[in-house]
Amino acid sequence: MKITILYFSKTGNTEKAASYIKEGLMETGDFEIKLMNLNEDSTIDKAFINESETVIMGTPTYAANICWQFKKWFDTDWDCQLGGKLGAAFATANAMHGGGDIALQAMISHMLVRGMLVYSSGAGCGRPFIHLGPIGIGIDNGVEQRKNMFNIFGKRVGEQSIRLFGNVKK
Ligand SMILES: Cc1cc2nc3c(=O)[nH]c(=O)nc-3n(C[C@H](O)[C@H](O)[C@H](O)COP(=O)(O)O)c2cc1C
């Protein structure tokens with residue numbers, strides 16, 4: 001099963017979170033995982049996205065919203081067929097109350113508009129409570145401090161992917 005982790009990262013925080021999520025996925029199943037940074041056109045493998053059962057998307061919080069690079073991608077890239085895929089969102093921000101949750105909501109809205117099945121790995125899934133998706137606070141090594149949360153998010157999304165799309169041999 002293929003899983004894409006699509007993110008935008010300029011200063012490395014969201015990229016780090018993406019790598020922690022990948023670690024969690026790898027502990028869960030024999031997935032083929034690709035990380036793609038919207039920063040670099042060359043990393044966007046549309047064929048792989050289209051073949052992915054699950055697409056996890058991560059954004060830095062810009063003005064309490066998704067970054068413009070993601071908004072542009074959603075508004076312009078209709079070649080990527082997201083309908084029916086499992087979607088899950090994560091974010092980074094500089095401040096605890098800097099709007100990370102609003103960025104996640106915006107991301108989730110775009111996923112829903114594209115027909116994705118959205119999974120938050122939310123508070124109903126136990127501790128750590130994740131709510132809309134994990135948020136890492138970029139300053140003071142906040143993303144590293146939340147490594148475990150991103151790992152667990154990856155595991156939970158991996159488990160749901162297997163549940164929805166079939167078992168995967170290890
Ligand atoms: C244009 C811009 C707007 C930002 N707006 C916010 C914001 O509203 N709230 C916040 O907490 N952090 C804000 N930040 C900080 C970033 O969300 C944070 O540093 C993020 O972790 C950067 O991700 P990256 O290292 O993956 O590029 C902003 C950064 C930039 C460049």
Side-chain angles (χ1 to χ4, degrees), residues 2-27 31-46 48-49 52 54-77 80 82 85-114 116 118-123 127-158:
K2 292 187 170 77
I3 298 185
T4 298
I5 304 179
L6 181 65
Y7 61 93
F8 173 74
S9 186
K10 192 173 178 189
T11 54
N13 295 326
T14 315
E15 181 154 72
K16 202 174 291 169
S19 73
Y20 296 154
I21 292 167
K22 184 183 177 187
E23 285 175 12
L25 283 168
M26 284 164 60
E27 283 178 40
F31 304 118
E32 199 183 326
I33 304 162
K34 267 202 184 178
L35 272 70
M36 305 179 198
N37 187 351
L38 277 175
N39 203 14
E40 298 152 36
D41 269 357
S42 57
T43 68
I44 304 306
D45 181 344
K46 289 185 189 185
F48 190 91
I49 295 176
S52 295
T54 297
V55 183
I56 302 172
M57 300 185 195
T59 181
T61 303
Y62 281 4
N65 212 313
I66 56 173
C67 62
W68 63 264
Q69 290 84 353
F70 246 107
K71 174 72 172 134
K72 181 182 169 196
W73 182 75
F74 276 122
D75 288 353
T76 56
D77 191 343
C80 289
L82 300 175
K85 297 186 191 304
L86 182 65
F90 65 101
T92 66
N94 257 356
M96 188 68 82
H97 303 290
D101 268 334
I102 304 172
L104 287 176
Q105 272 188 327
M107 186 76 98
I108 288 167
S109 290
H110 280 287
M111 289 178 172
L112 290 172
V113 169
R114 295 292 279 266
M116 299 186 84
V118 176
Y119 176 61
S120 64
S121 105
R127 291 181 185 275
F129 294 151
I130 285 180
H131 302 95
L132 297 175
I135 301 171
I137 304 302
I139 50 171
D140 299 330
N141 294 325
V143 176
E144 288 90 333
Q145 285 170 31
R146 292 289 177 93
K147 182 175 192 244
N148 186 46
M149 182 184 64
F150 286 110
N151 283 166
I152 288 172
F153 176 72
K155 280 186 200 163
R156 290 181 186 168
V157 175

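All ligand and atom numbering here is 1-based and tracks the order in the structure.
The side chain to side chain donor-acceptor pair (under 3.5 Å) search around Gln69 returns none, not counting sequence neighbours.
Around ligand 1, the residues contributing at least one heavy atom under 4.0 Å from the ligand are Ser9, Lys10, Thr11, Gly12, Asn13, Thr14, Pro60, Thr61, Tyr62, Ala63, Ala64, Thr92, Ala93, Asn94, Ala95, Gly98.
Closest non-hydrogen pair, Phe150 versus Pro134, comes out as CE2-CB, 3.6 Å. Between Gln105 and Leu132 the shortest heavy-atom distance is CG-CD1, 3.6 Å. Across Ile5 and Ile21, no two heavy atoms sit closer than the pair CD1-CG2, 4.0 Å.
Ring-plane geometry between Phe70 and Trp73 is classed as perpendicular, the angle between the planes exceeding 60 degrees on a 0 to 90 degree scale with a lower cut at 30.
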Going through the checks in order, is the side chain to side chain contact (heavy atoms under 4.5 Å, CB included) test met by Leu25 and Ile3?
CA-CA 9 Å; Leu25 283 168; Ile3 298 185; 3.8 Å; yes
